[in-house]
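Heads up: the structure comes next, in structure tokens.
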Amino acid sequence: MQVTIKTAEEIKKMRTAGRLAGDVLTMIEPHIQAGISTDELDKLCHDYIVNVQKAIPAPLNYHGFPKSICTSVNHQVCHGIPSDKKLKKGDIINVDITVIKNGYHGDTSRMFHVGQTSAQAQRLCNVAYDCMKIGIEMVKPGIRLGDIGHAIQRHAESSYCSVVREYCGHGIGQNFHEDPQVLHYGRPGTGLELRQGMTFTIEPMINLGKRQVKQLGDNWTVITKDRSLSAQWEHTLLVTESGFEIFTLREGDQL
Ligand code: MF3
Ligand code: CO
Ligand code: CO
């Protein structure tokens with residue numbers, strides 16, 4: 001697949017899709033409480049996306065994924081399937097939202113804390129956030145993907161955390177996942193050189209323990225092999241003439 005350069009028209013549509021994805025996270029935030037099941041979170045998001053936003057939840061039936069959002073709790077790394085299991089005090093959860101509006105995708109995820117969480121959980125979520133932020137802030141024409149991956153890896157590892165290698169950020173547009181692959185580790189001076197008009201996600205998955213992961217028998221849910229906590233944040237962005245624009249920032253939020 002080729003890395004596409006988006007036209008001004010397409011960029012407008014992606015801005016809309018990105019804002020909608022961010023709005024779903026804003027909508028769901030007050031519902032993240034002990035006692036709610038991830039199925040209930042899925043239903044709230046599904047109904048909001050379909051009925052209020054008049055958009056499409058991209059995960060539903062994507063390569064057979066059975067739900068409209070991904071919910072990954074504690075040692076779950078990504079692609080957690082919503083279920084009747086309830087959140088409990090002290091859990092951390094990643095909610096990953098992807099919507100399609102006017103044929104274009106917006107993809108964003110973030111961590112939420114259920115009540116008071118451990119100092120280690122808070123530290124991990126902050127390291128994962130900073131990894132994403134460090135990566136995003138490097139984005140501009142001329143920089144290479146290996147520069148970004150390296151900076152993310154260096155921050156994670158110097159914070160005594162590890163970077164998951166099996167999953168990465170991705171080009172996005174009319175397709176949910178397109179080229180390029182955006183690795184969250186790497187070597188400076190290597191990889192694709194960014195150009196104005198490229199759109200992709202940065203979404204580092206950071207573990208408190210070792211980097212190795214495994215997939216559960218449901219063929220989706222990814223967990224840490226050592227059962228250590230994992231955290232992830234994700235934004236969809238555009239390479240602009242002088243830097244970047246984040247499509248999925250929530251209203252009033254800054255990076
Ligand atoms: N939203 C995820 C990502 O950031 C992909 C989820 S694929 C699904 O790329 F099928 F599990 F929804
Ligand atoms: Co993504
Ligand atoms: Co996502």
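In each ligand, atom 1 is the first atom listed, and ligand 1 is the first ligand listed. Source: prediction; values computed, not measured.
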- request: Could you check which of Ser72, Ala21, Pro59, Gly64 puts a non-hydrogen atom nearest to atom 12 (F) of ligand 1?
  value: Pro59
query: For ligand 1, which atoms, with element, lie under 4.0 Å from some heavy atom of Glu203?
result: 3 (C), 4 (O), 9 (O)
- prompt: Any idea how Phe65 and Trp220 line up, ring-wise: parallel (<30°), tilted (30 to 60°), or perpendicular (>60°)?
  reply: perpendicular
- request: Establish whether Val3 and Leu194 are linked, either directly or via other cluster members, by ILVMFWY side-chain heavy-atom contacts under 4.5 Å.
  value: yes
- request: Using the Co ion (ligand 2) as the apex, give the angle to atoms OE2 (Glu234) and NE2 (His170), rounded to 10 degrees.
  value: 130°
query: Hey, is the Co ion (ligand 2) within less than 2.8 Å of some N/O/S atom on Glu203?
result: yes
task: Examine the side chains of Asp226 and Ser228 and answer whether a donor and an acceptor come within less than 3.5 Å of each other.
output: yes
query: Between Tyr62 and ligand 1, does any nitrogen or oxygen pair lie at a separation below 3.5 Å?
result: no
query: Do Glu203 and His184 have side-chain atoms, one donor and one acceptor, less than 3.5 Å apart?
result: no
- request: Assess Phe176 for proximity to ligand 1: is some non-hydrogen atom of it under 4.0 Å away?
  value: yes
task: Measure up the His105 and Phe176 rings against each other and bin them: parallel (under 30°), tilted (30 to 60°), perpendicular (over 60°).
output: parallel
task: Using a strict 4.0 Å cut-off to heavy atoms of Glu234, name the atoms of ligand 1 that fall inside it.
output: 4 (O)
field: Short side-chain to backbone donor-acceptor contact, Asn94 and Gln232, under 3.5 Å
entry: yes
- prompt: Heavy atom under 4.0 Å from ligand 1: found in His63's side chain, backbone, both, or neither?
  reply: neither
message: For atom 9 (O) of ligand 1, what is the closest protein heavy atom, and at what distance to 0.1 Å?
response: His177 NE2, 2.7 Å
- prompt: If we ignore angles and hydrogens, is there a donor and acceptor under 3.5 Å between the side chains of His75 and Thr224?
  reply: no
- request: Under 4.0 Å from a heavy atom of Asp107: give me the atoms of ligand 1 that qualify, with their elements.
  value: 1 (N), 3 (C), 4 (O), 9 (O)
- request: Using a strict cut-off of 4.0 Å, indicate which atoms of ligand 1 neighbour a heavy atom of Trp220.
  value: 8 (C), 10 (F), 11 (F)
task: In plain terms, say whether Asp47 and Lys43 are close enough for a salt bridge, that is, a side-chain N and a carboxylate O under 4.0 Å apart.
output: yes
- request: Determine which of the N, O or S atoms in Asp107 is closest to the Co ion (ligand 3) and give its atom name.
  value: OD1
field: ligand 1 atoms in contact with Thr98 (distance to a heavy atom under 4.0 Å)
entry: 1 (N)
query: Taking heavy atoms and a distance under 4.0 Å, where does Cys70 meet ligand 1: side chain, backbone, both or neither?
result: side chain
message: Which heavy atom of Gly115 sits nearest to which heavy atom of Lys89, and what is that distance?
response: CA-CG, 4.2 Å
field: Within reach of ligand 1, part of Thr201 (heavy-atom separation under 4.0 Å)
entry: neither
message: Asp96 versus ligand 1: do any nitrogen or oxygen atoms come within less than 3.5 Å of each other?
response: yes
field: SB check Arg144 Asp147 (cutoff 4.0 Å)
entry: no
message: Quick test of your reading of the model: are Lys6 and Glu178 salt-bridged, counting only N-O distances below 4.0 Å?
response: yes
query: When only distance counts, is His79 in polar contact with ligand 1, meaning an N/O pair under 3.5 Å?
result: no
